[in-house]
Structures are given as C-alpha cells and as structure tokens.
Amino acid sequence: MQKPLIAGNWKMNMVINQGVDLVMRLRELIKGIDAVEVVIAPPFTSIHHLSHLVADSPIKLCGQNLFWEKSGAYTGEVSAEMLAAAGCRYVIVGHSERREYFKETDEAVNKKVIAALKGNLKPIICVGETLAEREKGKTLTKVRSQVKKALAGLAGSVVKDITIAYEPIWAIGTGKNATPQEAEEVHNALREHLFEMFGPDAVKDLRIVYGGSVKPDNIDDLMAQPNIDGALVGGASLKADDFARIVKFQHIA
Ligand code: 13P
C-alpha cells in the first residue's frame, strides 16, 4: 500500500508572495513528516518559484489542470511537459469546477489523464455527484461512469500512478462534508469497480482520496475509514496551521 496522500488545491488563490509565505510556514509545521505524502497545487504562475522552496521538504508540487497536446497553437493552455519541467509531479484532472465552468467532458478528462501519464505526471482524477444526483440515488452510477470513462484505454500497469479523488459537488466549499460513512460507501464501491476493471494487482496501490469541506475537525474521522486513503483539500489548504493539522491526521479507528 502507498502512503496516504494529503493534497491542497489552492484553486485561483495566492499570488506568488502569498504562496511563498504559506509554503515557508508549512515547511516548518510539517518538518520530518514521512508517513504521509504531502502535495500542493498552486496556480501555474507560482509553481516554478515554489519548486525551489519545496526542494528539500516533504512537499511535492501539482498542477491544477493541463492540456493533452504536447505543444503548439493552443493559446492559454499548459502541457504535461511544461508542468513537469516547472517542478510538478502530480496534476489534478477533471475537477468539478473545470467540468462545470469550462465544460470539460469525460472524454477530455480521459485525454488529459493519458497525456499526464505520458508526461511523467501522476494524475489525481476528480469524480463526484451533484446534490440532485445523490437525492435520486444516482451517486454510484455517476461516479462509476466517470471513473470508467476517465480510465478508458489504460493498461492496468499504470493504475498505480493514478489517484482518484471522490469530491461530492454538494460538499465542495459549502462547509458540509460527506459523513465518513457516506464517503466510505462510495470509496468502497469505486475500489470494487476498479478491481473489476483492472484486477487485484493493478489496484492494490491505487489511492482513493476524499475531497469536499475537509477541515482539521473532520479529517480524523474521515481517515479512520478503511477505504479513504487521503484527502484533497480546498479552502483549508490556504491556512498553514489548518493544512498542517490535516496532514498530521490521527488514526482513531
Ligand atoms: P473545499 O475543501 O474548499 O470544500 O474544496 C474541495 C475541493 O474542491 C478540492 O479540490
């Protein structure tokens, strides 16, 4: 099994100097942490600058998005190669905000996942249902379909480099997290689904992390669930103390 993954998605927050301050504080607060993989996803404009600051720390860098082509006339887009050269090891793909505001389809997510892996970036693939879908009992159908389409055409041998982030849309930025039991039910179903798709060897190292209003006061209960392998944190990752406390979650099972 891989280490748990705690990733901070800064979204469109933090100019360079603010990012530097946050990383400096975070470095101190999580010094010596080895049992958890710690990842931050700053805006593109800060990545290269921050790569020097995280070089001798446990923190790894992550892009928030990428385009699937390697280079060319695609104004405003960033390739896997560019992110890797700037210092990223991970990239978030298919976040619900990108699906909603930038109309990213499951097919686009699939192309981005393939491009990320080819470019030596580990994709963190986001899936999740709306409140209306949950209320109609469609949660598992939706997330299974998103995962299946995101991973279409991939060989089982690359699955170990993939992280799935279950982020119920109704829990993002609302302060209303899925209960540990609600999240566990979905994670368990996704793990079974991936097992059916790729077999036992491929999925033994695959991490499924939870995102949506993760905070210092709910991380311990979430991480106590057997199928929750980490967290993708939005708002609370912008505060060094809160993010550090999340990184230092306690197993209370
Ligand atoms: P919040 O933690 O702010 O709810 O955001 C979650 C998220 O979207 C992480 O990608």
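For ligands, and for the atoms within them, numbers begin at 1 and follow the listed sequence. Not measured: the values here are computed from a predicted model. As a basis for the values below, the full set of heavy atoms in this structure was taken, side chains included, without hydrogen atoms, waters or symmetry mates.
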Engineer: Report the nearest protein non-hydrogen atom to atom 3 (O) of ligand 1: residue, atom name, distance rounded to 0.1 Å.
Structural biologist: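 For atom 3 (O) of ligand 1, the nearest protein heavy atom comes out as Gly235 N, 2.8 Å.
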Engineer: Going by the angle between their ring planes, with limits at 30° and 60°, are Phe67 and Tyr74 parallel, tilted or perpendicular?
Structural biologist: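 Tilted: the ring planes of Phe67 and Tyr74 meet at 30° to 60°.
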Engineer: Show me which atoms of ligand 1 lie under 4.0 Å from any heavy atom of Ser213.
Structural biologist: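 Listed by number with element: 1 (P), 2 (O), 4 (O).
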Engineer: Using non-hydrogen atoms of the residue, decide whether Gly211 is closer than 4.0 angstrom to ligand 1.
Structural biologist: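 Flag not set, Gly211 not near ligand 1.
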Engineer: Using a 4.0 Å heavy-atom cut-off, say whether Ile172 meets ligand 1 through its side chain, its backbone, both or neither.
Structural biologist: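 Both backbone and side chain of Ile172 come within 4.0 Å of ligand 1.
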Engineer: Looking only at the side chains, is there a donor atom on one of Asp205 and Gln2 sitting less than 3.5 Å from an acceptor on the other?
Structural biologist: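 Looking only at side-chain atoms, Gln2 and Asp205 do not form any donor-acceptor pair under 3.5 Å.
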Engineer: Roughly how far, to the nearest 0.5 Å, is OH of Tyr90 from CG of Asp161?
Structural biologist: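 Asp161 atom CG to Tyr90 atom OH measures 8.5 Å (nearest 0.5 Å).
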Engineer: Among Lys111, Arg99, Lys149, Arg98, whose salt bridge (charged side-chain N to carboxylate O under 4.0 Å, His left out) with Glu104 holds?
Structural biologist: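 Passing option: Arg98.
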Engineer: Given Lys176, Glu167, Lys11, identify the one with the heavy atom nearest to atom 5 (O) of ligand 1.
Structural biologist: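 Heavy atom nearest to atom 5 (O) of ligand 1 belongs to Lys11.
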Engineer: Considering only heavy atoms of Gly173, which atoms of ligand 1 have at least one such atom less than 4.0 Å away?
Structural biologist: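 In order of numbering, the contacting atoms are 1 (P), 3 (O), 4 (O).
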Engineer: Given Gly234, Ala236, Ala171, which one has a non-hydrogen atom that is nearest to atom 1 (P) of ligand 1?
Structural biologist: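 Considering heavy atoms of Gly234, Ala236, Ala171, the nearest to atom 1 (P) of ligand 1 sits in Gly234.
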Engineer: When you check the gap from the basic side-chain N to the acidic O, do Arg245 and Asp217 get nearer than 4.0 Å?
Structural biologist: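 Judged by the 4.0 Å cut-off on N to carboxylate O distance, Arg245 and Asp217 do not form a salt bridge.
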Engineer: For atom 8 (O) of ligand 1, tell me which residue out of Lys215, His95, Glu97, Gln64 has the closest non-hydrogen atom.
Structural biologist: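 Among Lys215, His95, Glu97, Gln64, the closest heavy atom to atom 8 (O) of ligand 1 belongs to His95.
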Engineer: Number the atoms of ligand 1 from 1 as they appear, then name those within less than 4.0 Å of a heavy atom of Gly212, with their elements.
Structural biologist: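 That gives atoms 4 (O), 6 (C) of ligand 1.
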Engineer: Would you mind telling me which of Arg134, Lys138, Gln146 makes a side-chain hydrogen bond (donor to acceptor under 3.5 Å, both in side chains) with Glu129?
Structural biologist: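 Exactly one candidate clears the test, Arg134.
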Engineer: Purely on distance, is any nitrogen or oxygen of Leu232 under 3.5 Å from one on ligand 1?
Structural biologist: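 No, no N or O pair falls under 3.5 Å.
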Engineer: Test: ring pair (Phe, Tyr, Trp, His ring centres under 6.0 Å). Region: residues 98-119. Which pairs qualify, not counting sequence neighbours?
Structural biologist: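 The answer is none; no pair qualifies.
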